[in-house]
Trainee: 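The following block contains the structure, expressed as structure tokens.
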Amino acid sequence: MALLEVRNLSVAYKTPLGIVHALEDVTFSIDRGESLAVVGESGSGKSTLALAVARLLPPNAAYANGSIIFDGLDLLNMSNDSVRKIRGTGIFMVFQEPATSLNPVFKIKDQLLEALKVRYEREGNSFDENRAIDEIMKVLRDVRMTDPELIIDRYPHQLSGGQIQRIMIAMGLLMRPKLYIADEPTSALDVTVQAQILKLLKDLKRDYGISILFITHDIVVASIIGDSIMVLYAGQLMELGTMKDIIYEPRHPYTQALLNSIPRVSKAEGKLPMIGGSVPNLMNPPTGCRFHPRCPNAKDVCSKVIPNLVRVGNVYVRCHLYGQ
Ligand code: ATP
Ligand code: SF4
Ligand code: MG
């Protein structure tokens with residue numbers, strides 16, 4: 001059985017101007033020890049997906065329909081109390097804006113020690129502060145934190161955004177949850193540190209069988225971290241498959257456009273192929289395939305009928321060009 005099974009998930013938000021249809025009919029699963037990278041432009045619903053899985057949608061979420069089964073538990077229908085128990089050791093999430101995840105009144109050291117206490121308890125080990133501090137210092141060096149011995153004596157407001165991001169990644173590494181959700185965790189960090197952290201996450205997956213749901217707007221980053229890749233566009237799942245299938249044989253016109261927009265020294269005198277048009281307003285999303293206003297392959301039916309998610313070879317594609 002998969003660790004996480006998400007079926008037909010739709011999420012909408014209430015706003016004073018109307019309902020935002022942020023996710024529509026998203027289905028996927030993640031096996032134990034497997035990583036899934038979710039890629040899409042800004043506003044495609046990536047954070048909404050992560051928050052729904054962590055049961056952390058904001059109060060103005062109008063509904064979350066479908067089902068989310070984590071480790072055999074039906075998350076959408078669980079009480080808040082039961083969900084709280086899963087958080088941390090079952091599911092750990094690094095937020096896109098990580099500053100709010102730390103408690104402002106405790107030093108970094110105390111917050112990391114607390115995280116480790118939870119894990120030691122789960123593993124049935126007694127808590128030994130010296131051993132815990134050694135482990136914390138090692139992880140902080142792993143995430144390339146400069147002066148970790150000074151940093152752990154600080155309060156969150158005394159750290160930069162990049163430092164907080166590293167602390168949150170370190171906390172996740174220390175807790176070793178079953179599912180590690182990371183929402184753009186490396187976007188504020190420079191490229192070398194990003195690469196280092198992606199490697200650390202892959203080690204964690206290999207060494208502890210941790211599953212990873214990794215969110216990024218960068219398909220190159222997705223290809224480094226994801227065993228599988230899911231492409232989201234305007235809240236619709238457009239394509240889902242193994243990293244190799246998605247990167248080397250993309251079927252969906254949007255995935256193809258994403259791959260074509262990767263900056264590279266091209267023959268066309270360094271010109272970057274861009275995706276024309278802009279992301280639609282999800283208060284009034286395009287009918288049919290939400291990508292149709294920007295799709296070079298669009299036909300009549302595309303604006304009228306939502307394509308089904310169909311299996312083509314080993315991948316799932318939502319597009320009228322395939323198997324309808
Ligand atoms: P980004 O790459 O910019 O982080 P994203 O892919 O994470 O974008 P989401 O944050 O999930 O996208 O947003 C999806 C849609 O839902 C957007 O149209 C966004 O404006 C809207 N949205 C997100 N959060 C809320 C909220 N709390 N209330 C109302 N609308 C929201
Ligand atoms: Fe393009 Fe139509 Fe496929 Fe949507 S369904 S991606 S508009 S061809
Ligand atoms: Mg986001």
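Start at 1 and go down the list; that is how both ligands and their atoms are numbered. Starting from 1, each residue takes its place in the sequence as its number. Reckoned from all heavy atoms, side chains included, excluding hydrogens, waters and symmetry mates.
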Trainee: Show me which atoms of ligand 1 lie under 4.0 Å from any heavy atom of Pro58.
Mentor: 27 (N)
Trainee: Less than 3.5 Å apart, any donor N or O on the side chain of Gln236 or Tyr254 sitting next to an acceptor on the other?
Mentor: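 The answer is no; no qualifying pair exists.
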Trainee: Going by the order shown, which atoms of ligand 1 are within less than 4.0 Å of some heavy atom of Ser47?
Mentor: 4 (O), 5 (P), 7 (O), 10 (O), 11 (O)
Trainee: For ligand 1, which is the ligand I care about here, please tell me if Leu282 has any N or O atom under 3.5 Å from one of the ligand's N or O atoms.
Mentor: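 Not met; the criterion fails.
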Trainee: Which of the numbered atoms in ligand 2 are below 4.0 angstrom from a heavy atom of Leu321?
Mentor: 8 (S)
Trainee: I want to confirm something. Looking only at heavy atoms, which of His217, Glu184, Met283, Lys46 is nearest to atom 6 (O) of ligand 1?
Mentor: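 Among His217, Glu184, Met283, Lys46, the closest heavy atom to atom 6 (O) of ligand 1 belongs to Lys46.
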Trainee: For atom 31 (C) of ligand 1, what is the closest protein heavy atom, and at what distance to 0.1 Å?
Mentor: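 Scanning the protein heavy atoms, the shortest distance from atom 31 (C) of ligand 1 goes to Tyr13 CD1, 3.3 Å.
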Trainee: Checking side-chain polar atoms at under 3.5 Å, does Thr48 have a donor or acceptor matched by the opposite partner on Tyr13?
Mentor: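 Short answer, yes.
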Trainee: Decide whether the shortest distance between a heavy atom of Lys14 and an atom of ligand 1 is less than 4.0 Å.
Mentor: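 No, Lys14 has no heavy atom closer than 4.0 Å to ligand 1.
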Trainee: If hydrophobic clusters are built by linking Ile, Leu, Val, Met, Phe, Trp and Tyr wherever their side-chain heavy atoms come under 4.5 Å apart, do Val53 and Leu56 end up in the same one?
Mentor: yes
Trainee: What protein heavy atom is closest to atom 5 (S) of ligand 2, reported as residue, atom name and distance in Å?
Mentor: His320 N, 3.2 Å
Trainee: For ligand 1, which atoms have a heavy atom of Thr15 less than 4.0 angstrom away?
Mentor: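 So the answer, numbered in order with elements, is 29 (C).
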Trainee: Strictly by modelled atom types, are Asn80 and Arg55 linked by a side-chain donor-acceptor pair under 3.5 Å?
Mentor: yes
Trainee: Please give me the minimum heavy-atom distance between Ile152 and Met137, naming the atom from each residue.
Mentor: CD1-SD, 4.1 Å
Trainee: Checking contacts here: is it the side chain or the backbone of His252 that comes within 4.0 Å of ligand 2, counting heavy atoms only? Could be both or neither.
Mentor: side chain
Trainee: Would you call His252 and Phe291 a side-chain contact if the rule is heavy atoms closer than 4.5 Å?
Mentor: yes
Trainee: When you measure from atom 1 (Fe) of ligand 2 to every protein heavy atom, which one gives the shortest distance, and what is it?
Mentor: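 Result: Cys295 SG, 2.3 Å.
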Trainee: Could you tell me which atoms of ligand 1, counted from 1 in the order shown, lie closer than 4.0 angstrom to a heavy atom of Thr48?
Mentor: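 Atoms satisfying the 4.0 Å criterion: 9 (P), 11 (O), 13 (O), 14 (C).
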Trainee: Would a 4.5 Å heavy-atom cut-off, applied to side chains only, mark Arg166 and Ile151 as touching?
Mentor: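 When only atoms from C-beta onward are counted, Ile151 and Arg166 do not touch, as no gap falls below 4.5 Å.
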Trainee: Can you tell me which portion of Asn60 lies within the under-4.0 Å heavy-atom range of ligand 1? Options are side chain, backbone, both, or neither.
Mentor: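 Within the 4.0 Å criterion, Asn60 contacts ligand 1 through side-chain atoms alone.
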Trainee: Mark up the atoms of ligand 1 that fall under 4.0 Å of a heavy atom belonging to Ala22, in ascending order.
Mentor: 15 (C), 16 (O)
Trainee: Provide the closest heavy-atom pair for Tyr233 versus Pro280 in the form atom of the first, atom of the second, distance.
Mentor: OH-CD, 3.2 Å
Trainee: Who's the nearest protein heavy-atom neighbour of atom 8 (O) of ligand 1, and how far?
Mentor: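 Protein heavy atom at minimum distance: Gly43 N, 2.8 Å.
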Trainee: Taking C-beta and beyond as the side chain, do Met171 and Leu112 meet within less than 4.5 Å on heavy atoms?
Mentor: yes
Trainee: Verify the neighbour count for atom CD of Glu123: are there more than 12 heavy atoms of other residues, nucleotides or ligands below 6.0 Å?
Mentor: yes
Trainee: Indicate yes or no: at least one non-hydrogen side-chain atom of Leu75 is less than 4.5 angstrom from one of Ile86.
Mentor: yes
Trainee: Enumerate the atoms of ligand 1 whose separation from the nearest heavy atom of Glu41 is less than 4.0 angstrom.
Mentor: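 Near Glu41, the atoms of ligand 1 are 6 (O).
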Trainee: Grab the two heavy atoms, one from Met243 and one from Gly226, that are nearest each other, plus how far apart they are.
Mentor: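 Of all heavy-atom pairs spanning Met243 and Gly226, the closest is CB-O, 3.2 Å.
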Trainee: Between Ser44 and ligand 1, is there a nitrogen or oxygen pair with a distance under 3.5 Å?
Mentor: yes
Trainee: Does the side chain of Leu173 reach to within under 4.5 Å of the side chain of Leu201, using non-hydrogen atoms?
Mentor: yes
Trainee: Please state whether the separation between atom 3 (Fe) of ligand 2 and some N/O/S atom of Cys319 is under 2.8 Å?
Mentor: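 Coordinating: yes.
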Trainee: Show the atoms of ligand 1 that are less than 4.0 angstrom away from any heavy atom in Val20.
Mentor: 16 (O), 18 (O), 21 (C)
Trainee: Could you identify the single nearest non-hydrogen protein atom to atom 4 (Fe) of ligand 2 and state the distance to 0.1 Å?
Mentor: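 Ranked first by proximity to atom 4 (Fe) of ligand 2 is Cys289 SG, 2.3 Å.
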Trainee: State, yes or no, whether a side-chain contact exists between Thr216 and Ile225 at a heavy-atom distance under 4.5 Å.
Mentor: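 Counting from C-beta outward, Thr216 and Ile225 never come under 4.5 Å.
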Trainee: Using the ring of each side chain (for Trp, its six-membered ring), is Tyr180 parallel, tilted or perpendicular to Phe92, with breaks at 30° and 60°?
Mentor: tilted
Trainee: Give me the residue, atom name and distance of the protein heavy atom closest to atom 3 (O) of ligand 1.
Mentor: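 So the nearest neighbour among protein heavy atoms is Ser42 OG, 2.5 Å.
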Trainee: What protein heavy atom sits nearest atom 2 (Fe) of ligand 2, and how far away is it?
Mentor: Cys302 SG, 2.3 Å
Trainee: Can you pull out the closest protein heavy atom to atom 4 (O) of ligand 1? Residue, atom name and distance to 0.1 Å, please.
Mentor: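 The protein heavy atom lying closest is Gln96 NE2, 2.8 Å.
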Trainee: So which protein heavy atom does atom 12 (O) of ligand 1 come closest to, and at what separation?
Mentor: Gly45 N, 3.3 Å
Trainee: Within the structure, does at least one protein heavy atom fall under 4.0 Å of atom 19 (C) of ligand 1?
Mentor: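 Under the 4.0 Å cut-off, atom 19 (C) of ligand 1 has no protein heavy-atom neighbours at all.
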